[in-house]
Amino acid sequence: MRSPLIALTGVTGFIGGRIARHLSLRGFRLRALVRPESKSRLPGEVPLEVCLGSLADGKALASLLDGVDGLVHCAGLVRGLKASQFDAVNVAGTERLVRLARQSPTPPRLILISSLAARQPKLSPYALSKFRAEQSLARLGEGLSWLVLRPPAVYGPGDRELLPLLKTLARGVVPILGPADGRFSLLFVDDLARAVEKALVCPEVRGQVLELHDGKPGGYGWDELPAIAEAFRGGKVVRLPLPEWSLRAAAGLAALSAWVGRSPMLTQGKVNELRYPDWVCDNNAIGQALDWQPEIQLVQGLRLTLGSARAT
Ligand SMILES: NC(=O)c1ccc[n+]([C@@H]2O[C@H](COP(=O)([O-])OP(=O)(O)OC[C@H]3O[C@@H](n4cnc5c(N)ncnc54)[C@H](OP(=O)(O)O)[C@@H]3O)[C@@H](O)[C@H]2O)c1
């Protein structure tokens, strides 16, 4: 019997690349949607069939889905300023894929990589777009076997967004970006990839939105970060509280980069997310539904992430 053929979006990004690598190692055949200008960012060691095009290209999406058993939709816009930019990719792109999947003679199992941010859609245009994408899937995906995974902040080898912060921690400086009482969950990227595999092979679990984290109940507090960094480094660290006004000022300055065509990571919406006190999630539902448990805890995950960053 031939192994299942899975369509993937977002493989040239951090999370999609690791999902592709994991699924390939587990014997799945892969077909990936890749924008022509991003071909150089394909995960080199992963055998996959390439389908050139973007989420706006209906023809490319139809070829991507032709005859596949599953679809992992991981592509997404994570940087930007305007709601219209996020919606055009995160919402409209998801809607196109769902409509095409429904038209397929044998509709694929569909896994959407959403975000815990979707739990608080009022905080930022990004959060709102991830929430709307979930809603679109629920509305348009009737009859499809779909599942939404809502990861919290994800880190691991190949990450570009959290790496500067993790490197700063490893050097002994701990920026406190969130409120004193704020708590957040984390997830190592390969644990997310294992959850995606479980989601693909359990088609009977459908129509659900599942959160997942690294197994630390109650998540991490911003105030606990110095102790975690000290345990990781084996030495003292300096705590650097960054008040909200300083983050807002930095986001204001970063917005100027939009004038030269860059999309800043730090925006007022991102500051709203950082200052929100409760980004803790719960593994009960996913543990029961998919029999998934995380394997990599924070200190080990940090070693793997920073070790791989040193090696590149
Ligand atoms: N990183 C996290 O902590 C985190 C947490 C929760 C959820 N998520 C979600 O996980 C997903 C992946 O995030 P990431 O951190 O891996 O982001 P990333 O590194 O920026 O990767 C984004 C991927 O999406 C692709 N993409 C963006 N716009 C596209 C378009 N119009 N057409 C086709 N492909 C497009 C990118 O392709 P190009 O290479 O061509 O740009 C890239 O492959 C996103 O949906 C994000 O919302 C991330």
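Basis for what follows: all heavy atoms, side chains included, without hydrogens, waters or symmetry-related copies. Start at 1 and go down the list; that is how both ligands and their atoms are numbered.
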So which heavy atom in the protein is nearest [atom], and how far is it from that ligand atom?
| atom | result |
| --- | --- |
| atom 43 (O) of ligand 1 | Thr12 OG1, 2.7 Å |
| atom 15 (O) of ligand 1 | Phe14 CD2, 3.9 Å |
| atom 30 (C) of ligand 1 | Arg35 NH1, 3.5 Å |
| atom 32 (N) of ligand 1 | Leu55 N, 3.0 Å |
| atom 11 (C) of ligand 1 | Cys74 O, 3.0 Å |
| atom 47 (O) of ligand 1 | Tyr126 OH, 2.6 Å |
| atom 7 (C) of ligand 1 | Ser114 O, 3.1 Å |
| atom 21 (O) of ligand 1 | Gly13 CA, 3.3 Å |

Hey, are [X] and [Y] close enough for a salt bridge, meaning a charged N less than 4.0 Å from a carboxylate O?
| X | Y | value |
| --- | --- | --- |
| Arg119 | Glu134 | no |
| Asp223 | Arg239 | yes |
| Lys270 | Glu273 | yes |
| Glu142 | Arg102 | no |

Can you sort out which atoms of ligand 1 are near [X], meaning under 4.0 Å from one of its heavy atoms?
| X | value |
| --- | --- |
| Pro152 | 5 (C), 6 (C) |
| Gly10 | 23 (C), 24 (O), 43 (O) |
| Val78 | 20 (O), 46 (C), 47 (O) |
| Ile113 | 10 (O), 45 (O) |
| Ala75 | 24 (O), 25 (C), 26 (N), 34 (N), 35 (C), 45 (O) |

Checking contacts here: is it the side chain or the backbone of [X] that comes within 4.0 Å of ligand 1, counting heavy atoms only? Could be both or neither.
| X | value |
| --- | --- |
| Lys130 | side chain |
| Val154 | both |
| Ser54 | both |
| Arg160 | side chain |
| Ala117 | neither |

Consider every N or O of [X] and every N or O of ligand 1, then say whether any pair is closer than 3.5 Å.
| X | answer |
| --- | --- |
| Ser38 | yes |
| Gly16 | no |
| Ala153 | no |
| Leu33 | no |

For [X], state whether at least one heavy atom is located under 4.0 Å from any atom of ligand 1.
| X | result |
| --- | --- |
| Arg41 | yes |
| Val89 | yes |
| Pro151 | yes |

*Begin from the C-alpha positions of Arg109 and Asp69 and carry the test side chain to side chain contact (heavy atoms under 4.5 Å, CB included) through to its verdict.*
CA-CA 6 Å; Arg109 167 78 161 159; Asp69 301 289; over 6 Å; no

*Are any of the side-chain heavy atoms of Leu166 and Phe232 separated by less than 4.5 Å?*
no

*Is there side-chain contact between Leu33 and Leu61, with at least one heavy-atom pair below 4.5 Å?*
yes

*Quick one: does Lys122's side chain have a donor or acceptor within less than 3.5 Å of a partner on Ala127's backbone?*
no

*Short side-chain to backbone donor-acceptor contact, Thr9 and Cys74, under 3.5 Å*: yes

*Mind running side chain to side chain contact (heavy atoms under 4.5 Å, CB included) on Thr12 and Arg35 for me, showing each step along the way?*
CA-CA 9 Å; Thr12 50; Arg35 295 196 280 192; over 6 Å; no

*Under the salt bridge (charged side-chain N to carboxylate O under 4.0 Å, His left out) test, residues paired with Asp190 that sit two or more places apart*: Arg18

*asked:* So, using side-chain contact (heavy atoms from CB on, under 4.5 Å) as the criterion, who are the partners of Val78 when residues are at least two apart?
replied: Tyr126, Glu161

*Please check if atom CZ in Arg26 has more than 12 non-hydrogen atoms from other residues, nucleotides or ligands closer than 6.0 Å.*
no

*Picking from Leu23, Leu5, Ile19, what satisfies side-chain contact (heavy atoms from CB on, under 4.5 Å) with Leu30?*
Leu23

*Is there a side-chain hydrogen bond (donor to acceptor under 3.5 Å, both in side chains) between Asp214 and Tyr220 once you walk through the steps?*
CA-CA 11 Å; Asp214 68 359; Tyr220 303 87; 2.5 Å; yes

